[in-house]
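Provided herewith is a single structure, encoded as structure tokens, for subsequent inquiry.
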Amino acid sequence: MDEAVRARQRWTFTVQTPLGETHSTYAITDVALIYESDDPLAGDGAAVRWSTIREGSTAAMEGMGGGGGPDLPTWVPAQMEWLVLTRIDEVESSFMRRLPPPGADREALLAAVRERLGTRWLGEGLPLKEAQQRMGTHSQEWSGLKVAGIVVAVLGMLVLAILLLALLLTPFVLVPAGLVAGGWLLRRGLRMLRDGKAAAGMAVAQVGRARIGLVHIEAPAEAATPTRAAITGRACAWWDVAVWVWYESDSEDSGGWRRVASRHGGSAESIDIGDETGSATVWLNGAELLLELRSWESDTGDKDDKDALPPRGVALLDTLGFPWRGGQRLRVTEECVEVGATLYVIGTLDLRRNVPESQAPGWLERTVDAIRTGAWRRNVVAAAPAPMRVVLAVFIGFIDMFTGIGAARMRPRTSRDGPPPALSPNARMVWKGHGDRPFIVSDRPERGALAALRKRAWITGGIGAAILCFVLYELVS
């Protein structure tokens, strides 16, 4: 083994937090253990010299979750585990940082630490309270008074958020916001109608013989590594499943569906299509996706017909804690791109080398993108003064805990400024193109796809028009 490799080992891992993904690294040298993280709450990392360590262990604490309840946010773990190191010099604070998730990296890191500490290693998986008492790591930084202060500060921020929401609902804010939102929705609806009209007259081209530019292609979907849909078991490029529970309201004969669980598989960033003339990759960034949504309800009484929930779906619900015939009224939906199914595609065909690596969005697009992906959270906390960061992180986590229940495991939203697929420079790909060109992808026949697009356009434009009418009423009154 190379001398440099023996002298330094590194393990990089990702942990979900209320602020998004946190990337952390442990590094081991002959002199010290080094920890680095981009978590705005973790400071600048830490370095602990082996000669200064008195004792070491891992500490664990049970998290939340379990079957029979709605999905909790992905950052809420079933178990949390830390690497705990106390120092000979008690003036210096103890080291306590999150470990990598269970797997090869965690095992290799702990093996290396055990080798360095020898008899100073106390063991793994100690309950957090026991580890703190045994190793004397009760932190003054998290005294009861400080925790109470954080709780009071978070409650204060909730009050301010409610007051801000009340301010936003006043005509002085609601009218300008309504003009912007209503105008945007109306414009989007009209653009979809225009796209549908433009697509209706286009001739179909084969994948390998289509000319560069705006094209109409109908070809089967392909996937190098298909994934099986969770309900039907179909071989898919990617799939999304949602489970809904009917909740009765206080009034009779009324209620509503609430999402309680979601699962997904495969990558929805692009789809491969091909026929006997060639193949191409469809980059879905900015596309109008019009996919068939299959749905099943548990109270239909149809146990043996073709629309009954497949056994694979029944098994999934059992693992989630929502048995199909358990007395609750359930709805299950599945959306997927099935391998071999013909896709209807209207978009811009080009060579990969001609597609820009970045779409160069403006400030408004970047702001909307940050809100869609949740990137704003990390930016806000990182920009706050150090004493306020913990309070802001707890506040964001509290809001996310309640707003994200049931939808926490939906497919994550990716940045619209992300790079195109990694393909060879001469590979053919379909994308949204420059300007306002139509970009439609559907697993329905042309007539059904365009009908679905018109329906979506009328709904979107109708909502925008209704908002504008409300704003006009407010202005007149």
Side-chain angles (χ1 to χ4, degrees), residues 192 195-196 199 204-208 210 215-243 261-296 309-310 312-313 316 332-349 352 355 407 409-416 418-423 427-433 438-453 455-456:
M192 283 191 283
D195 291 348
V204 182
Q206 293 179 303
V207 178
V215 295
H216 170 190
I217 296 175
E218 296 183 21
E222 300 177 339
T225 55
T227 175
R228 293 287 175 182
I231 303 299
T232 59
R234 293 176 289 174
C236 301
W238 53 269
W239 54 266
D240 292 286
V241 164
V243 180
S262 302
R263 296 295 184 270
H264 62 271
S267 173
E269 296 183 5
S270 62
I271 303 174
D272 294 330
I273 57 174
D275 56 23
E276 64 275 8
T277 65
S279 61
T281 296
V282 183
W283 183 29
L284 296 176
N285 187 15
E288 288 289 346
L289 277 175
L290 305 168
L291 303 178
E292 290 282 358
L293 183 70
R294 296 198 62 180
S295 179
W296 300 264
L309 187 70
R312 189 183 182 96
L316 173 65
V332 179
T333 60
E334 179 182 270
E335 185 179 65
C336 82
V337 174
E338 187 174 0
V339 174
T342 299
L343 295 184
Y344 169 82
V345 179
I346 299 288
T348 300
L349 178 66
R352 171 62 181 86
V355 179
R409 297 199 180 186
M410 292 176 60
R411 185 179 298 278
R413 294 181 176 181
T414 57
S415 173
R416 290 183 177 176
L423 304 171
R428 295 161 69 84
M429 64 178 289
V430 182
W431 66 302
K432 66 180 181 180
F439 189 21
I440 307 166
V441 178
S442 177
D443 58 357
R444 312 178 191 194
E446 179 180 6
R447 180 176 296 181
L450 294 181
L453 182 64
K455 180 180 179 181
R456 182 180 293 183

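Index from 1, following the sequence. These figures come from a predicted structure and were not determined experimentally.
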* Asked: Do the non-hydrogen side-chain atoms of Asp240 and Ser262 ever get within less than 4.5 Å of each other?
  ->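 No, side chains not in contact.
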
* Short side-chain to backbone donor-acceptor contact, Arg428 and Arg352, under 3.5 Å ->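 No, Arg428 side chain to Arg352 backbone: no donor-acceptor pair under 3.5 Å.
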
* **Nearest non-hydrogen partners of Ala452 and Arg444, listed with the distance** =>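 So the two residues come closest at CB-NH1, 3.3 Å.
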
* Does the side chain of Val282 come within less than 4.5 Å of Phe439's, by heavy atoms? -> yes

* Count the heavy atoms of every other residue, nucleotide or ligand shown that sit under 6.0 Å from CD of Glu218, and state whether that count exceeds 12. => yes

* Asked: Which heavy atom in Asn285 sits nearest to a heavy atom in Lys432, and how many Å separate them?
  ->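 Nearest pair, atom of Asn285 first, then Lys432: O-CD, 3.8 Å.
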
* Starting at CE of Met429, measure out to CG of Asp272 and round the result to the nearest 0.5 Å. =>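 It is 10.5 Å, given to the nearest 0.5 Å.
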
* Non-hydrogen side-chain atoms of Tyr344 and Leu450 separated by less than 4.5 Å ->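 The answer is yes; the side chains approach within 4.5 Å.
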
* Asked: Does some side-chain heavy atom of Thr281 sit less than 4.5 Å from a side-chain heavy atom of Trp283?
  -> no

* Any Asp443 side-chain heavy atom under 4.5 Å of Val337 side chain ->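 Not touching, per the 4.5 Å side-chain cut-off.
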
* Structure fact -> One should read off an interatomic distance between Ile231 CD1 and Leu309 CG, to the nearest 0.5 angstrom, of 5.5 Å

* Audit row: Ile346, Asp195, side chain to side chain contact (heavy atoms under 4.5 Å, CB included) steps and yes/no -> CA-CA 9 Å; Ile346 299 288; Asp195 291 348; over 6 Å; no

* In Å, rounded to the nearest 0.5 Å, how long is the span from CD1 of Ile273 to OG of Ser279? -> 9.0 Å

* Of all heavy-atom pairs between Ala230 and Val241, which one has the smallest distance, and what is that distance? -> CB-CG2, 4.0 Å

* Asked: Can you name the ring pair (Phe, Tyr, Trp, His ring centres under 6.0 Å) partners of His264, sequence neighbours left out?
  ->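 Applying ring pair (Phe, Tyr, Trp, His ring centres under 6.0 Å) to His264 gives none.
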
* **Close side-chain approach of Arg263 and Trp239, heavy atoms under 4.5 Å** =>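 They are in side-chain contact.
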
* Taking the side chain from Thr277 and the backbone from Gly208, do they hold a donor-acceptor pair closer than 3.5 Å? -> yes

* To do: Ignoring hydrogens and angles, tell me if any N or O in the side chain of Asp275 forms a donor-acceptor pair with the backbone of Val207 under 3.5 Å.
  => yes

* Gly266 versus Trp238, closest heavy-atom pair with distance -> C-CB, 3.8 Å

* Just how far is it from atom CD of Glu446 to atom NE2 of His216, taken to the nearest 0.5 Å? -> 4.5 Å

* In Å and rounded to the nearest 0.5 Å, what is the CD to CG distance from Glu338 to Leu343? ->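 Between atom CD of Glu338 and atom CG of Leu343 there are 10.5 Å.
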
* Reported CZ-to-CZ distance for the pair Arg234 and Arg228, which is rounded to 0.5 angstrom ->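 Separation between the atoms: 11.0 Å.
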
* **Donor on one side chain, acceptor on other, Glu334 and Thr232, under 3.5 Å** =>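 Yes, side-chain donor-acceptor contact under 3.5 Å.
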
* Tell me, with the steps shown, if Leu290 and Arg456 meet side chain to side chain contact (heavy atoms under 4.5 Å, CB included). => CA-CA 9 Å; Leu290 305 168; Arg456 182 180 293 183; 3.4 Å; yes

* **Atom of Cys336, atom of Leu291 and distance for their closest heavy-atom approach** =>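 Heavy-atom minimum between the residues: O-CD1, 4.4 Å.
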
* How far apart are the closest heavy atoms of Cys236 and Val339, and which atoms are they? -> C-CG2, 3.7 Å

* **Val441 and Leu284, any side-chain heavy atoms less than 4.5 Å apart** =>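 Yes, close enough: below the 4.5 Å cut-off.
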
